[in-house]
Amino acid sequence: MELEAIVTRLRDLSDDVSLETVRRWKEQHPGAPLVGYLPAYAPRELIYAAGGLAVGLWGGGIGVEIIHGDAFYQSYICHLPRSVIELAKRGAYSVLDGIIFPSICDVVRNLSGMWQILFPQQWVQYLDLPQNFDREIGGRFYRTQLENLAHHICGLPPNAAYRKNVQKAIRECNEQRRVLRQLMERRAGRPHLYPVDEYYFCFRSALVLPPGVHTQLVDDYMKACERRRLPERDNIRVLLVGAFCEQPPIGLLRSIEQAGCYIVNHDLLLGLHWFVKDIPENGDPFSALSDALFDNTRSAPFKFQSPAERAEELVAMIRQWRADGVIFAAPSFCDPSLLEQPILQEALAKEKIPYTSFRYAENTGQYRPIREQAGTFSDSIRLWGKEALYEQD
Amino acid sequence: MSRTDVQKDESMILQKNMLTRYFDELAQVKESGKKVVYTFVPGNLSELILSFDMLPVYPEINALQSGMRKRSMQFIHEAEKHGHSEDVCTYVKCDVGMMLTGNIGPTGRPIPPPDLLLLSYTGCFTFMKWFENLESLYGCRTVMLHVPYQAEGKVTGEMVDYVVRQLREKVIPAMEEVSGKPYDPDRIRWMCEESRKAEELFVRCLESAKQVPSPIDAYFGGVYYISPIFTAFRGTEEATAYYHKLWEEIQFRMEQGLGPVTPEGTLGEERYRLVVEGPPNWTHFREFWKMFYSQNAVVVASTYTKVGGIYEDGFRHDPDRPLESFARYCMGCYTNLNLPQRIDLLVRYVREYRADGFLINSIKSCNSFSAGQLLILQEVEKRAGVPVGFIESDLVDPRYFSYAHIKNRLDSYFQMIDEKRKH
Amino acid sequence: MEVFVGIDLGSTTCKAVVLDEEGRILGKGITNTRSNYNMATRIAVHEAMTAARFSLLCDLCGLSPDERQDLELFYYLEDYRHKFALLRDLLLELAAEQSGTWVETVREICDRVSAKLNRETIAEVLLDRAHFFKDLMLAFFFEEAERTLPAGDLPFDPFLGLLDKALVRIENEVFPMEPEEALKGYFSGPREEILATLQSEDLEIRSQVGTGYGRQLLPFPPEQIRSEILCHAKGAYACFPGTRTILDIGGQDTKAIQLDDTGVVRSFFMNDRCAAGCGRYLGYVAEEFSMSVTELGPLACQACRYIPISSTCTVFAGAELRDLLYAGEKKEEILLGLHRAIVLRALSLLARSGGIFNEFTFTGGVARNPAVVRLLRDMVAREYGELTINIHPDSIFMGALGAAMYARENA
């Protein structure tokens, strides 16, 4: 496929907040389970193993006008649940059999209960991610939940055949994660060849596609990119931290890059690239998924970690990806993201690593202030070196 | 309202003494060598902490005390200067700010730093980040107790097991190390027995509000009643003695048909009986309370008085199964219930406590309570059929308490109830 | 004759309604709220009572509606001329304090404005009581100042400063004329007896009730103060007994009220934390575009497409609008986007209060904006199906009407 066609496809898939793609998939696969999941992470393998499709519900972004969604939320709560409810109320999610709510914050947690009342025709499973990382304690607790989830998805308790399918799905998802890691590395090496919106679409499109199809598409995209010629910009390299749940609008990401900052690593749509290496494809798959959660995932605001380790990991990542600084981008009112900033920022200050921060909403329309801020950040580092300023929101 | 009985009830004096001794002990840890454990009210393991002769400290309580003493604003400023966002929970900011400025507690003396942070991860995500911030500031040890959420509206064997194993293999060993003492099952047993007694009495006190007129205010008055049982005294003889006395006093009021005690004396005529959801505001606690009692409104049941445990369905600490009790206790705290359970509870309260109306005080800081309250409002209106009201404020940031706005809404709400009665 | 008065002391306007013993509306009054709330209340009540007296007069003397209108025009014009004369004197005084050379320029401008104070030019404005003296003066003075000032040595801003100062004083100190005095010239000759009737009219306020945001400031005992939610609901229900949902967008707050079928308030939601999407916001927008508030809606209606505006935050309104204008976007399209944002915000509040039930009554100053009305109709139909939407030209008086009804019931 031509690059332009690939990009168009990626974009259309990313913009498909009303799940048209998913509807078409359902028509082609009658009887297959369709399960939605809220940010940030869900063990999608369990759904693929049942021959189903996992659908990421990451909010409506800038295109969805909110009327009904606001009926359920006061002004001091983030935007994501509003657009999710808006889309659900409009029927966009009626095609789903059930929804997974991972334990990332109180808003998503309570939304799981709201869903039981508002949309009783869909099953709901809250995924209480364990904060105890002992295989016999937290691991056992989590494995029980995985078994229950599998039961919800299949309508039956998981049997041996299903477990084999989960292994297969882990293999497929491993491949998908590898391709995304590869993409991140390539982009970090030559960001100018991977415009940030296309790059983002590579991730976002995964929310509505089966993993094999998505992997192929991203692979094709990368191959096509290596052949292109695009001018390089004199940008600094930054890590984007905090946007793991409610996503910034694409215009905002573009503005950051146009202002002089290449995003070389990030936690956007974190669940898709949360595992830093392959999950074991042999042995008991539920144990594999559970152990990988403890051993194999990068830092996340909703995962218990000592502040020192969290900070260490961030600094290590900065060195690994040769970043000049950090942009903390958190959605307004996002406690998980915002509450760890002072800890991380203090650590960065000690290491004399520059950072800047701002807040956004998924429907922010005004990019100029952020462009100015990112631009100043970029200029200050390029002109005066990294020891210069530590700008703050 | 009778001005003659604005004297302290004996239970209030008992409580005051308990708190005085507690703060004295805290002030003397250097000399006594006692270890200090910071923990949270929802899912608090006071018996366990006390059984190791350690002293519990509750940062939420410090924050609300700062709010009541009008010191929270400066603490919040301090925390914001330190990098915290305007958007985040003001309890956290108040605590961090207090710590950054010498950790001076409500008695004017510094509260000792923690030897251990017992992160009882119950009912609120922000707790995890709060203690991360404290660990970063104090450089001390944290032990995590993950209390599973009642997502399906029930407590399963696996959930109990998960908590018990964490207690056995993580929490208790950590406490043994920090305190230098071994786990004392006999003492725990004894304390659970005391807890059970206090819980029994506490439930009777709260349920007294079912009577018309109610002898207590279960929200503003209630915050004083919950203090011993939700904090450093549950499992002690002092707490049991307090609840005995409180129950006596309430029984007296019931026999005399007296209304609740307010800062301006006993409430006269009871005009409005309300069920209230949500924590109170602390920075303007008195003014807020006055908006109710000046209109002869009594809160007969509240959910805030259940944040440290729900006892009316029969849960009691069981001396024969202490760890399992602790697990079930933690999981039963109000903010750990799922939304449908909360709605069921509220509808039940409206009916059982013969309420005229349901009111939500929505707190900007607290997503655990607040996210979903608008749906709760609609469902309770539908199912309980009473007028519903919605006001907004905050825990300890005075910028989010607007007297005029709240008074406006409350007055309209009371008038609404009146109109409904006429028709 | 005994009458009952309701006063709605809002943040932007103060309204008063006078009812007779049978509950009929005799008169309505409205004025812009100024720093002196007491004055604003008295002026609104005076206007309502004056209108009530005119009603009575027309009944007693058998005047036709045209004759009544003629009478009212005469009165209001006299009153404006009276105020203008005082304004002029004050302006000249203030100008003289600053610089002798300014006096001539100011005098010239005043003369030009004075020439415009005639029935032909301002009849419409006079009859629409929600157009205030201040707004009219600002519009006229701006126009004349733009024509006159560039030639002289008096810069625009200082002139505006003088004008502002003078207007504030006039608003806070000058009471409307008594009808007898104003109408002396009108009732001469054969109509003198009408004047006599007017003079002998005896209207006594039997009871009054106050409401609105500023109701606590009214010198009324608590029994005479009612919540604005209830007053608003009562007024709306009286006008439209089929009402079940009411939306009121005022100067600084938005209210969504749900009624049961007996007119009792079931629940309400207010958005009064900030003025986003309310009348005040439109006021800022008007200033930004150098237009009058009443011109915004009609201009927005001319647009074929809208520019999406992400927030109705008054604080950022100016910056966002300027950005869009500089980017070359058309004024009317920006305005349509703005109006759309206002309606979306209102719909959110309504959704929060439980939805929109038939019949839906839309009240408040912003209900006079044709763009808002059009968008609201469209979006309500889209989200809630075909409903009866009631928009009353005098909906700004709903609160005061409800208060007056309470006053009559209490007596």
Side-chain angles (χ1 to χ4, degrees), chain A residues 71-78 81 101 103-118 124-128 130-132 134 136-138 140-141 144-145 301-302 304-308 310-311 330 332-336 338-343 345-347 357 359 392-393, chain B residues 79 82-85 87-89 92 96 119 121 123-126 128-130 132-133 135-137 139 142 144-146 148-149 151-153 156 158-159 161-162 165-166 169-170 335 337-343 362 364-375 378-379 390 392 394 400:
Chain A
F72 298 97
Y73 290 105
Q74 304 87 315
S75 55
Y76 36 80
I77 290 176
C78 63
F101 294 81
S103 58
I104 58 165
C105 74
D106 294 325
V107 174
V108 171
R109 184 197 76 166
N110 289 2
L111 183 59
S112 74
M114 289 169 70
W115 212 273
Q116 291 172 32
I117 297 168
L118 292 170
V124 161
Q125 172 136 359
Y126 181 69
L127 198 67
D128 210 338
Q131 305 296 348
N132 169 293
D134 189 312
E136 280 313 302
I137 307 179
R140 185 189 293 195
F141 174 64
T144 311
Q145 290 186 73
F302 49 89
F304 179 54
Q305 193 175 24
S306 85
R310 222 183 263 288
S332 292
F333 309 110
C334 182
D335 266 19
L338 291 167
L339 279 169
E340 45 178 51
Q341 280 185 18
I343 298 170
Q345 288 168 0
E346 199 179 324
S357 64
R359 282 164 293 166
Q392 270 181 266
D393 191 3
Chain B
H82 192 72
H84 279 288
S85 168
D87 289 355
V88 301
C89 172
V92 179
V96 168
L119 208 187
Y121 187 38
C124 163
F125 174 90
T126 300
M128 188 157 89
K129 309 315 279 184
W130 190 341
E132 252 180 62
N133 276 276
E135 185 182 318
S136 171
L137 291 168
T142 304
M144 156 67 79
L145 175 69
H146 178 193
Y149 179 57
E152 319 243 314
T156 64
E158 287 88 17
M159 289 156 79
D161 202 47
Y162 179 44
R165 297 195 69 167
Q166 289 178 78
E169 294 176 47
K170 298 281 182 217
T335 47
L337 301 186
N338 77 3
L339 225 87
Q341 281 176 298
R342 285 168 63 182
I343 294 170
S362 182
K364 173 240 175 214
S365 276
C366 188
N367 285 347
S368 175
F369 261 102
S370 300
Q373 271 175 342
L374 288 166
L375 180 60
Q378 282 177 30
E379 289 293 306
F390 193 84
E392 292 171 296
D394 185 47
Y400 290 96

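We name chains A, B, ... by the order of the sequence lines, and we start the count at 1 in each one.
With a 4.5 angstrom heavy-atom cutoff, Q116(A) touches chain B only via side-chain atoms. For chain A, the nearby part of I343(B) is the side chain; its heavy atoms alone come within less than 4.5 Å. Contacts of L111(A) with chain B are absent, with no heavy-atom separation under 4.5 Å from either backbone or side chain. Contact annotation for Y121(B): only side-chain heavy atoms (C-beta onward) come within less than 4.5 Å of a heavy atom of chain A. When heavy atoms are compared at a cutoff of 4.5 Å, P130(A) approaches chain B by way of both its backbone and its side chain. Residue V96(B): no heavy atom, backbone or side chain, is found under 4.5 Å from chain A. If you measure heavy-atom distances from F101(A) to chain B, you find no contacts under 4.5 Å at all. Only the side chain of S85(B) comes within less than 4.5 Å of a heavy atom of chain A; its backbone N, CA, C and O stay farther away. In this structure, the portions of N133(B) lying under 4.5 Å from any heavy atom of chain A include both its backbone and its side chain.
The two atoms that bring R109(A) and T335(B) nearest to each other are NH1-O, 3.0 Å, heavy atoms only. Residues A71(A) and Q378(B) come closest through the heavy atom pair O-NE2, 4.5 Å. Of all heavy-atom pairs spanning P307(A) and S136(B), the tightest one is CG-N, 3.7 Å. Looking at every heavy atom in both residues, P301(A) comes nearest to K129(B) through O-NZ, 2.8 Å. Contact detail for V88(B) and D335(A): the closest heavy-atom pair is CA-OD1, 3.4 Å. Scanning both residues, G123(B) and D106(A), for their nearest heavy atoms gives O-OD1, 4.3 Å.
When the candidates L375(B), L119(B), N338(B) are compared by the number of heavy-atom contacts under 4.5 Å with chain A, L375(B) comes out ahead. Put simply, of P81(A), P336(A), S332(A), the one with the most heavy-atom pairs under 4.5 Å next to chain B is P336(A). Between chain A and the residues S362(B), C89(B), G139(B), the largest count of heavy-atom pairs under 4.5 Å involves S362(B). With respect to chain B, the highest number of heavy-atom pairs below 4.5 Å among S112(A), G138(A), S103(A), A311(A) belongs to G138(A).
Counting only heavy atoms from C-beta outward, the side chains of F304(A) and T142(B) approach each other to under 4.5 Å. Within the 4.5 Å cutoff, no side-chain heavy atoms of D87(B) are placed close to those of C334(A). Put simply, the side chain of Y76(A) reaches to within 4.5 Å of the side chain of E392(B), judged on heavy atoms. Looking only at side-chain heavy atoms (C-beta outward), E169(B) and E136(A) stay at 4.5 Å or farther from each other.
A salt bridge is absent between R165(B) and D134(A): the closest approach of a Lys/Arg side-chain nitrogen to an acidic carboxylate oxygen does not fall below 4.0 angstrom.
Distance alone, capped at 3.5 Å, is enough to place a donor-acceptor pair between the H146(B) side chain and the Q131(A) backbone. At least one donor-acceptor pair under 3.5 Å links the side chain of D128(A) to the backbone N or O of Y149(B). Remark: the backbone N or O of S370(B) is paired with a side-chain donor or acceptor of Q74(A) at under 3.5 angstrom. Under the 3.5 Å distance criterion, the side-chain polar atoms of N110(A) are matched with a main-chain donor or acceptor of A371(B).
Atom CE of residue M144(B) and atom CD of residue Q305(A) lie 11.5 Å apart, to the nearest 0.5 angstrom. Atom CD1 of residue I117(A) and atom CG of residue L339(B) lie 5.5 Å apart, to the nearest 0.5 angstrom. Taking CG from L137(B) and CD from E346(A), the interatomic distance works out to 7.0 Å, rounded to the nearest 0.5 Å. Atom CD of E152(B) and atom CD of Q125(A) lie 6.5 Å apart (nearest 0.5 Å). Going from atom NE2 of H84(B) over to atom CG of L339(A) covers 6.5 Å, rounded to the nearest 0.5 Å.
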Exercise. Please step through side-chain contact (heavy atoms from CB on, under 4.5 Å) for the pair R140(A) and D161(B), ending with a clear verdict.
Key: CA-CA 10 Å; R140(A) 185 189 293 195; D161(B) 202 47; 3.7 Å; yes
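The aromatic rings of F141(A) and Y162(B) lie parallel to each other, with less than 30° between the two planes, well short of the 60° mark.
Inspection of the E158(B) and T144(A) side chains reveals no N or O donor paired with an N or O acceptor under 3.5 Å.
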